[in-house]
**Q** 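Encoded as structure tokens, here's the structure I'll be asking about.
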Number of protein chains: 2
Amino acid sequence: MNKINLETSINHHIAISAIMIKRVFYKILSNHDLKITPEQWVLLNYISESNGYTIGELSGLSVKDFANTSRMIQKLDIAGFITKKADPADKRISKLYLSKEGKDLIEQLHQCAFESTNIAIEGIDKEIQEIVLHTLKKVISNTNNYLK
Amino acid sequence: MNKINLETSINHHIAISAIMIKRVFYKILSNHDLKITPEQWVLLNYISESNGYTIGELSGLSVKDFANTSRMIQKLDIAGFITKKADPADKRISKLYLSKEGKDLIEQLHQCAFESTNIAIEGIDKEIQEIVLHTLKKVISNTNNYLK
DNA sequence: TTTATATATTTGTCATGACAAACAAATAGA
DNA sequence: TCTATTTGTTTGTCATGACAAATATATAAA
């Protein structure tokens with residue numbers, strides 16, 4: 001039998017790393033008294049980088065389920081960090097923008113993301129970081145191809 | 001400002017990889033008609049490796065929240081894959097064992113885990129895999145130290 | 001134009017993750 | 001022994017992930 005050993009499984013360690021990184025990010029956000037989640041931060045970050053993304057576009061960019069993205073956007077909207085502008089040409093869609101509060105928030109979020117990244121990669125050579133990043137992109141592409 | 005670029009962020013790519021790997025695992029489990037989740041598989045795997053873990057021990061091993069581990073164990077118990085044996089010396093704890101059904105299941109799960117691992121790491125050199133594994137362990141240790 | 005299909009989004013449900021609170025049993029201290 | 005604290009576990013709540021179904025609008029086909 002092909003028995004998996006979790007202790008030497010890259011898949012498993014990616015999963016654990018992801019959980020731990022998210023916990024650190026949560027902690028840092030909490031330390032900064034920011035009422036936002038790591039997942040919401042990803043969406044806000046994409047919205048801040050371009051004007052007028054739709055929920056569908058954000059869902060694709062952030063690799064999140066369409067339905068869940070829709071709900072997260074609702075929360076960001078209710079919290080007042082984004083504004084939705086209905087598209088006159090297509091009544092199904094809205095385009096998303098950062099509000100003033102969202103713009104203020106995103107500045108602080110970049111700082112939090114910076115802190116959590118530094119904690120995670122502390123003591124890891126730049127060269128190694130490049131190798132790992134490249135390998136993770138390969139993993140993402142492998143899994144993406146399988147799921148297509 | 002220290003602006004994070006998600007496209008070159010190791011943290012972000014670890015998160016995305018974890019999501020994609022889980023999707024592949026879900027898909028494979030579904031293909032095999034196995035009514036179990038990737039998270040439950042991790043718990044079952046630990047239970048299969050040693051006799052009589054408690055929920056607390058499993059929670060630590062699997063890096064999962066105690067409360068969530070407790071609920072997942074309830075589900076595995078209800079589904080009939082494990083059995084709980086009350087400890088006569090300490091009435092607070094139960095020790096967990098695989099049932100006959102659980103033992104049958106774990107064989108198939110190893111095969112699924114093997115498949116999903118192969119899909120994820122296809123085309124990645126053994127050497128690189130070692131580097132990535134080692135780096136992920138460093139990330140886990142870094143984040144763990146921060147959260148302590 | 002009318003109907004069928006495709007697209008964008010929302011809603012519902014169940015499993016899991018984080019976190020706080022409740023509980024019961026075990027253990028330490030007065 | 002009795003009380004306080006610790007330990008192991010369970011329950012409650014909210015956010016997210018997966019997935020199915022519903023809804024509304026757009027577009028293509030007849």
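Each chain gets a letter, A, B and so on, in the order the sequences are listed, and its residues count up from 1. Heavy atoms only: backbone and side chains are in, while hydrogens, waters and symmetry mates are out.
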**Q** Could you check whether the side chain of A:N68 and the base of D:dA18 have a donor-acceptor pair of N or O atoms closer than 3.5 Å, going by distance alone?
**A** yes
**Q** Answer yes or no: does a side-chain N or O of B:K75 lie under 4.0 Å from OP1 or OP2 of C:dT16?
**A**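 B:K75 to C:dT16 OP1/OP2: side-chain N or O found under 4.0 Å.
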**Q** Answer yes if the side chains of A:E115 and A:H32 hold a donor-acceptor pair under 3.5 Å, and no otherwise.
**A**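 The criterion, which ignores hydrogens and geometry beyond distance, is satisfied for A:H32 and A:E115.
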**Q** What's the closest nucleotide to the B:F66 side chain, out of D:dG8, D:dA18, C:dG17?
**A** D:dG8
**Q** Picking from C:dC19, D:dT9, C:dG17, which would you name as closest to the side chain of B:A67?
**A** C:dC19
**Q** Given that B:Y26 and A:I55 both sit by DNA chain C, which one's nearest nucleotide is further toward the 5' end?
**A** A:I55
**Q** Grab the two heavy atoms, one from A:I124 and one from B:T135, that are nearest each other, plus how far apart they are.
**A** CD1-CG2, 3.6 Å
**Q** Which atom pair, heavy atoms only, marks the closest approach of A:I36 to A:L44?
**A**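 Reported closest heavy-atom pair: CD1-CD1, 3.3 Å.
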**Q** Ignoring hydrogens and angles, does a donor from either the side chain of A:R92 or the base of C:dT7 sit under 3.5 Å from an acceptor on the other?
**A**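 Yes.
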**Q** For A:D65, which contact category applies under a 4.0 Å heavy-atom criterion: base, sugar-phosphate, or nothing?
**A** base
**Q** Does A:K91 place a side-chain N or O at less than 4.0 Å from the phosphate oxygens OP1/OP2 of D:dA26?
**A**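 Checking A:K91 against D:dA26: no side-chain N or O falls below 4.0 Å of OP1 or OP2.
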**Q** Taking only the side-chain heavy atoms of B:Q40 (C-beta and beyond), determine which of C:dT16, D:dA26, D:dA15 contains the nearest atom.
**A** C:dT16
**Q** What does A:A18 touch in the nucleic acid at a heavy-atom separation under 4.0 angstrom: a base, only the sugar-phosphate, or nothing?
**A** nothing
**Q** Quick one: label A:K22 by what it contacts on the DNA or RNA (base, sugar-phosphate, nothing), any heavy atom closer than 4.0 Å.
**A** nothing
**Q** By nearest atom, which of the nucleotides C:dT16, D:dA18, C:dA8 is closest to the A:R71 side chain?
**A** D:dA18
**Q** Is any side-chain N or O of A:S70 closer than 4.0 Å to OP1 or OP2 of C:dT10?
**A** yes
**Q** Identify, between B:G56 and B:R23, the residue whose nearest nucleotide on DNA chain D lies closer to the 5' end.
**A** B:G56
**Q** How about A:L105 and A:E101: do any of their side-chain heavy atoms sit closer than 4.5 Å?
**A** no
**Q** Where each residue is assigned the nucleotide of DNA chain C containing its nearest heavy atom, which of B:A89 and A:K27 is assigned the position nearer the 5′ end?
**A** A:K27
**Q** Taking C-beta and beyond as the side chain, do B:K64 and B:E39 meet within less than 4.5 Å on heavy atoms?
**A**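 Sidechains of B:E39 and B:K64: in contact.
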**Q** Counting just side-chain N and O atoms, does A:S94 come under 4.0 Å of either OP1 or OP2 of C:dT9?
**A** no
